[in-house]
2 protein chains.
Amino acid sequence: MRETDAVKLQPVDISKTASVADIVFEALRKAIIEGDLKDGEPLRQDEIARLFNTSRIPVREAITMLEQQGLVTTQRYKGAVVASIAPDEVAEIFDFRALVEGTVIKAAVERMSDESRRMARQCHEAFSSSTDPMSWGDLNRQFHYTLYQDSGLPYHLGIVNNALDRIDRYLRAQLMLSNGRARAHDEHLGILEACEAGKADLAADLTRRHILGAKTSLLDHLKRK
Amino acid sequence: MRETDAVKLQPVDISKTASVADIVFEALRKAIIEGDLKDGEPLRQDEIARLFNTSRIPVREAITMLEQQGLVTTQRYKGAVVASIAPDEVAEIFDFRALVEGTVIKAAVERMSDESRRMARQCHEAFSSSTDPMSWGDLNRQFHYTLYQDSGLPYHLGIVNNALDRIDRYLRAQLMLSNGRARAHDEHLGILEACEAGKADLAADLTRRHILGAKTSLLDHLKRK
DNA sequence: TATGCAGATATTGGATCCAATTTACAATAT
DNA sequence: ATATTGTAAATTGGATCCAATATCTGCATA
């Protein structure tokens, strides 16, 4: 087949397809950050291998990936459990997010495309109108990610995503609190309008407040029970 | 043996000892960040397994850990190579470090013990008097780490360490530039004195400048060749 | 009843084996 | 000569097996 021939077949680069370990990793990651696997719950290699119709080898690989991400902790010969996270560390991660996400959104606003602005508003509206509490977490995250994506800071984004993974469970809980979602809605609107108006510093400031507000609200809640 | 008996044997908690995978990981990590394994160099599982007198299983685990850390990149059925890093990303990581390390040192100065201050000065002097270029990188990193350790921000510190791992090779190169080490020495002294005087904001500001200065000097160098 | 011990069972860590894929290279055709 | 094909070697991904450790259970004993 000459290079000038029409391409009749969708080429698929096999070297980029997901290995079994990747699939298991993604499934476990999702289950952990959504809270389906609770703090301290053990991950049995055999059991997971059976669930995925595979051997323990890819499962072990997936677990070491999760451990590097801080989503599970393992002890030699005892196995892996879903990582629990002390309130102190939750607080620290929120502070970290405020610092980094503030910087990221500032960079993003300064180079944000109209397309991204439109998408962000769509996300905002989807978040507002959704009645399924299970989806709030996803929509919330998607809204923020849309605002960040033009930042041109892929390294920062990777770090932020990992930080979000670590506390995703708690964020979801926070959204379900009495006025959690309503407040998120209002604050999102403020951030969105700042972005649409091209006010980068304002967007950064509102984002920081948004994150730190969620932090105190969540910590109050954690303390109370 | 009653509890009141003298302890004749140092107890060792086996569940905390390092697995073979951990050992291989540490060795490879060190080789990569010190530049002994160059950009793009392939990591052959068999070869590494032979070197450590083990099978490929722990080697594969080590490689997946390295991949999660961003130190190697792998392609299915093709294997792992030492991750190369584009100048853009080097620049971004320096910016990230300036942001986070500035915050960290501010928190650290506000709660820094006299002991840590003494250790920091010792590190500074060791860095100044060392004549072995190979050790400069270690001493430099040790100096900064000593200043950060009282921050009470373990999550931030983990992130900073990972960022440092990614660019350690380049930092070492930067120290070897014509006036790289002399300038580092002067800037370190300024930071150290700010810490000793308890001036947190000044220390943060100097740290940010120190990092951003290293960034421009390094990028100039990368561009020139 | 509570405690300690012994063996059985379960679970993880590592070694070896097989399958899937890539890479190197020689043979062949144009 | 260059490009193409076929084949063998090298390499990785995954399965299975064995060893090391932990956990559980029943039983004896104070």
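Chain naming here is simple, since letters A, B, ... match the order of the sequence lines and numbering starts at 1 in each. Since we're looking at a predicted model, the values are computed, not measured.
Asp95(B) and His156(A) share no side-chain donor-acceptor pair at under 3.5 Å. A donor atom on one side chain and an acceptor atom on the other are found under 3.5 Å apart for Thr74(B) and Glu67(B).
For the atom pair CG (Leu139(A)) and CG (Asp132(A)), the distance works out to 8.5 Å, reported to the nearest 0.5 Å.
Among residue pairs with one or both ends in residues 19-47 of chain A, none qualify as ring pair (Phe, Tyr, Trp, His ring centres under 6.0 Å); sequence neighbours excluded.
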Base-contact (B) and sugar-phosphate-only (S) positions in nucleotides 6-16 of chain D, heavy-atom cut-off under 4.0 Å, - elsewhere: -----SBBBBB

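A heavy-atom distance below 4.0 Å to DNA chain C is reached by none of the residues of residues 64-72 of chain A.
Taking a cutoff of 4.0 Å between a charged side-chain nitrogen and a carboxylate oxygen, Asp138(A) and Arg141(A) do not qualify as a salt bridge.
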Tyr148(B) and Glu101(B): CA distance, side-chain angles, deciding distance, side-chain hydrogen bond (donor to acceptor under 3.5 Å, both in side chains) verdict: CA-CA 8 Å; Tyr148(B) 298 161; Glu101(B) 294 185 38; 2.3 Å; yes

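Under the 30°/60° scheme for interplanar angles, the aromatic rings of His188(B) and Phe127(B) are found to be tilted.
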